[in-house]
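Notes to accompany the following structure.
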Amino acid sequence: MTTFRSDFLRTLSERGFVHQISDPEGLDTLFATETVTAYIGFDPTAPSLHAGGLIQIMMLHWLQATGHRPVSLMGGGTGMVGDPSFKEEARKLMTVETIEENIASIKQVFSSYLSYGDAPTGAMMINNAEWLRDLNYLEFLRDVGRHFSVNRMLSFDSVKTRLEREQSLSFLEFNYMILQAYDFVELSKRYGVRLQMGGSDQWGNIVNGIDLGHRMGTQQLYALTSPLLTTASGAKMGKSLSGAVWLNADMLSPYEFWQYWRNTEDADVERFLKLYTTLPMDEIARLADEAKGAAINEVKKILATEVTAMLHGRAAAEAAAETARKTFEEGGLSADLPTVEIPAAELEAGIGVLSVFAEKTGLVASNGEARRQIKSGGLKVNDATVTDDKAAVSARDLTPEGVVKLSFGKKKHVLLKPV
RNA sequence: GGGGGAGUGUCCCGAGCGGCAAAGGGGGCGGACUGUAAAUCCGCUGGCUACGCCUUCGUAGGUUCGAGUCCUACCUCCCCCA
């Protein structure tokens with residue numbers, strides 16, 4: 001791998017963020033000589049980004065940390081088109097309201113990683129609805145569409161594989177790449193953006209933008225992609241025991257977020273420290289060095305706490321670490337575990353275990369699932385395995401702390417609290 | 001416009017002579033082993049007021065004691081010919 005002169009590229013490169021760069025020397029020179037504005041696009045398909053997108057946010061973070069200007073582009077306009085899924089079933093397009101709500105909700109997270117403002121390196125959040133929604137179709141075709149060769153678009157892997165797999169590709173989706181290319185050009189014209197970053201799957205789209213820029217007379221533009229991240233065993237990033245690893249605290253508590261990182265596979269620890277924390281490289285090297293055998297668990301805790309601290313703040317991260325310590329290392333309970341409140345009278349009367357685990361707390365999906373889990377010994381009340389699906393949980397099960405601890409498997413715990 | 005295929009358990013792929021809650025994978029979940037890891041092994045993987053009941057095989061009808069399986073129409077997709 002080349003050694004870069006610029007702080008930004010050197011940092012990204014040594015931390016493992018770089019997959020491809022369109023013109024490494026040129027871009028390096030650019031970063032070494034001026035303050036560069038670069039962007040990454042995010043689709044507002046959900047009210048929160050999840051761990052899979054964290055790597056992109058970290059790239060913006062480093063961009064700013066090394067003296068440049070990050071732009072997060074929200075796809076308020078492209079969201080209208082929707083990135084059609086592979087399945088048929090013309091998924092309902094999102095309404096404008098949903099898109100706007102999602103964007104508002106996603107915004108909160110960025111301020112944990114970037115500082116916004118008018119300073120030369122102040123981060124910006126831009127919505128491509130700004131120029132896409134009022135686009136005039138005919139004008140657009142004449143100004144932008146004429147620069148695209150269908151022959152060439154058909155030759156892109158993203159399109160080709162789709163056609164070869166005999167899966168339909170709607171015109172809508174076909175246009176998505178044009179809009180994204182156009183975004184790059186608009187950002188370049190309006191805000192002086194020079195670089196677009198993204199996951200490696202975005203390479204073709206980004207390069208399209210560069211080409212369009214050439215034809216439409218922008219400055220030289222650049223592309224930088226990050227590797228597609230999977231865990232060492234091949235799973236996609238961003239799935240936890242209970243679903244997606246959302247970044248918004250109201251969708252996934254800091255404790256659960258911490259747990260996700262705590263459970264990192266051994267083989268991923270060093271890589272994740274580089275990608276998802278801002279610990280200095282020599283510090284990471286030291287940690288990786290002492291992380292042999294079971295000692296690696298200590299390093300995983302550091303990883304979890306550092307990642308959580310960046311997102312939710314140091315205090316929340318340490319609270320999560322403490323909760324985990326009490327729960328797992330002392331086998332006790334901590335008031336900070338996820339808690340479900342229940343009317344005291346109801347508990348007094350006694351509630352069936354099935355109902356408690358399924359309806360009341362949602363730890364398992366249904367009564368049937370609860371029954372199956374009991375059969376295989378997966379449910380516990382106050383750390384005692386449930387063996388009878390007709391058993392009931394009542395006020396007698398309250399611990400001295402005044403709660404009932406319910407566990408599903410070894411890692412999922414909920415406290416039942418009478419009110 | 002003509003001809004030929006396909007749509008299965010809403011995570012995915014994928015079998016299915018008219019008796020099917022539907023084979024088999026993958027994934028996921030639980031258990032054992034460990035270190036809250038990986039690998040490995042075992043079990044589970046429609047719902048319920050549960051020895052019974054209800055809802056599932058593109059949609060809507062029909063034939064049958066009985067249909068994922070047969071017939072009709074429709075929808076969507078793919079391939080070949082024009």
Side-chain angles (χ1 to χ4, degrees), chain A residues 84-92 161-173 230-245 255-273 287-288 290-305 307-308 320-334 337-338 351-355 357-359 362-381 383-390 392 405-413:
Chain A
S85 71
F86 280 50
K87 281 315 294 175
E88 58 209 76
E89 179 139 359
R91 86 153 82 175
K92 55 270 175 200
T161 58
R162 254 327 240 300
L163 295 177
E164 276 163 11
R165 288 173 64 187
E166 299 190 354
Q167 279 169 329
S168 79
L169 177 71
S170 72
F171 186 62
L172 200 64
E173 185 171 14
T230 56
T231 66
S233 49
K236 281 205 181 105
M237 286 296 296
K239 278 290 186 61
S240 81
L241 305 109
S242 42
V245 182
Y255 167 74
E256 291 168 282
F257 186 77
W258 191 93
Q259 278 298 319
Y260 174 73
W261 297 100
R262 169 65 246 271
N263 284 299
T264 297
E265 295 171 30
D266 286 9
D268 288 326
V269 172
E270 185 175 358
R271 198 160 56 102
F272 285 3
L273 280 170
L287 289 172
E290 65 186 42
K292 298 284 183 274
I296 200 171
N297 282 315
E298 292 310 311
V299 181
K300 288 185 188 178
K301 289 178 201 166
I302 293 172
L303 170 68
T305 302
V307 179
T308 308
E322 179 58 14
T323 300
R325 198 184 63 75
K326 281 189 188 151
T327 308
F328 289 98
E329 290 172 30
E330 294 179 4
L333 38 84
S334 161
L337 281 173
I351 312 168
V353 265
L354 298 178
S355 165
F357 278 92
E359 295 147 53
L363 266 177
V364 297
S366 68
N367 286 2
E369 172 71 10
R371 235 179 282 263
R372 282 189 225 91
Q373 290 303 345
I374 288 171
K375 214 171 292 175
S376 50
L379 299 187
K380 291 182 186 155
V381 173
D383 299 313
T385 306
V386 178
T387 50
D388 180 6
D389 61 14
K390 293 196 193 66
K405 180 182 174 191
L406 304 174
S407 312
F408 172 35
K410 278 179 285 214
K411 298 179 187 174
K412 277 164 285 190
H413 309 281

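Everything quoted here is computed from the prediction, not taken from an experiment. Sequence lines set the chain letters: A, B, ... in the order given, protein chains first and strands last, and positions in each chain run from 1.
Separating the C1' atom of B:A82 from that of B:A15 is a span of 37 Å, rounded to the nearest Å. Nucleotides B:G68 and B:G7 are separated by 15 Å at their P atoms, to the nearest Å. For B:C57 and B:A6, the C1' atoms lie 14 Å apart once the distance is rounded to whole Å. Comparing the C1' positions of B:G46 and B:U55 gives an interatomic distance of 8 Å, to the nearest angstrom. The P atoms of B:G31 and B:A50 are separated by 27 Å, rounded to the nearest whole Å. The gap from the P atom of B:G27 to that of B:C20 amounts to 29 Å, rounded to the nearest Å. Separation of the P atoms belonging to B:A38 and B:C33 is 16 Å when rounded to the nearest angstrom. Taking atom P in both B:A39 and B:C29, one finds a spacing of 12 Å when rounded to whole Å.
Between A:L379 and A:A370 the shortest heavy-atom distance is CD1-O, 3.7 Å.
B:G43 is paired with B:C29 under the Watson-Crick or G-U wobble criterion, all donor-acceptor distances under 3.5 Å. If you check B:G68 for Watson-Crick or wobble pairing at under 3.5 angstrom, you find it has no partner at all. A 3.5 Å limit on both hydrogen-bonding distances identifies B:C81 as the Watson-Crick or G-U partner of B:G1. Taking a pair to require two hydrogen-bonding distances under 3.5 Å in either a Watson-Crick or a G-U wobble arrangement, B:G24 pairs with B:C13. When both distances must be under 3.5 Å, the Watson-Crick or G-U wobble mate of B:A50 does not exist. In this structure B:C74 sits in a base pair with B:G58, meeting the Watson-Crick or G-U test at under 3.5 Å.
Rounding to the nearest 0.5 angstrom, the gap separating the CZ atom in A:R262 from the CG atom in A:N297 is 4.0 Å. Here the straight-line distance linking atom CG of A:L303 with atom CZ of A:F272 works out to 8.0 Å at 0.5 Å rounding.
Nearest to the side chain of A:Q259, among B:A37, B:G30, B:U36, sits B:U36. The listed nucleotides are B:G30, B:G35, B:U36; the one nearest the side chain of A:S376 is B:G30.
In this structure, A:R271 pairs ionically with A:D268, as a charged nitrogen and a carboxylate oxygen lie closer than 4.0 Å.
Counting non-hydrogen atoms of other residues, nucleotides and ligands closer than 6.0 Å to NZ of A:K390 gives a total of 12 or fewer.
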**Request:** Treat primed atoms plus P, OP1 and OP2 as sugar-phosphate and everything else as base, then score nucleotides 47-54 of chain B 5' to 3': B for base contact with protein heavy atoms under 4.0 Å, S for sugar-phosphate contact only, - for none.
**Result:** SSSB----
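Atom pair A:F357:CZ and B:C29:P shows a separation of 18 Å (rounding to whole Å applied). In this structure, CZ of A:F272 is placed 13 Å from C1' of B:A38, rounded to the nearest angstrom. Between the CD atom of A:Q373 and the P atom of B:A32 there is a distance of 12 Å, rounded to whole Å. Rounded to an integer number of Å, the gap from A:F408 CZ to B:G28 P is 14 Å. A:R271 places its CZ atom 18 Å from the P atom of B:A37, with the value rounded to the nearest Å. Look at NZ on A:K292: it is 18 Å from P on B:G35, rounded to the nearest Å. Protein atom NZ of A:K375 is 15 Å distant from nucleotide atom C1' of B:C29, rounded to whole Å. If you measure from atom NZ of A:K380 to atom P of B:U36, you get 12 Å, rounded to the nearest angstrom.
Look at B:C29: its glycosidic torsion is beyond 90° from 0, and that puts it in the anti range. In textbook terms, a nucleotide whose glycosidic angle is within 90° of 0 is syn, and B:C20 is one such case.
A:L287 is linked by a side chain to side chain contact (heavy atoms under 4.5 Å, CB included) to A:L273, A:L279, A:E283, A:E290, A:V299, A:I302, counting only residues two or more places apart in sequence or in another chain. Under the side chain to side chain contact (heavy atoms under 4.5 Å, CB included) criterion, A:R372 pairs with A:E369, sequence neighbours left out. Shown here are the side chain to side chain donor-acceptor pair (under 3.5 Å) partners of A:T308, two or more places apart in sequence or in another chain: there are none. Residues meeting the side chain to side chain donor-acceptor pair (under 3.5 Å) test with A:E298, sequence neighbours left out: A:K301.
With a 4.5 Å cut-off on side-chain heavy atoms, A:N263 and A:K300 do not count as touching. At a threshold of 4.5 Å between non-hydrogen side-chain atoms, the residues A:I374 and A:L354 count as touching. Contact annotation: the side chain of A:K375 never approaches that of A:D389 to less than 4.5 Å [non-hydrogen atoms, C-beta and beyond].
Toward the 5' end of RNA chain B, the nearer of the two residues A:L379 and A:A321, judged by each one's closest nucleotide, is A:L379.
Dashed line: the shortest gap from a side-chain N or O of A:K410 to OP1 or OP2 of B:U34 is not under 4.0 Å. Note on A:K411: a side-chain N or O is less than 4.0 Å away from OP1 or OP2 of B:A37.
Residues of residues 295-303 of chain A having a heavy atom closer than 4.0 Å to RNA chain B, listed by number: A:I296, A:N297, A:K300.
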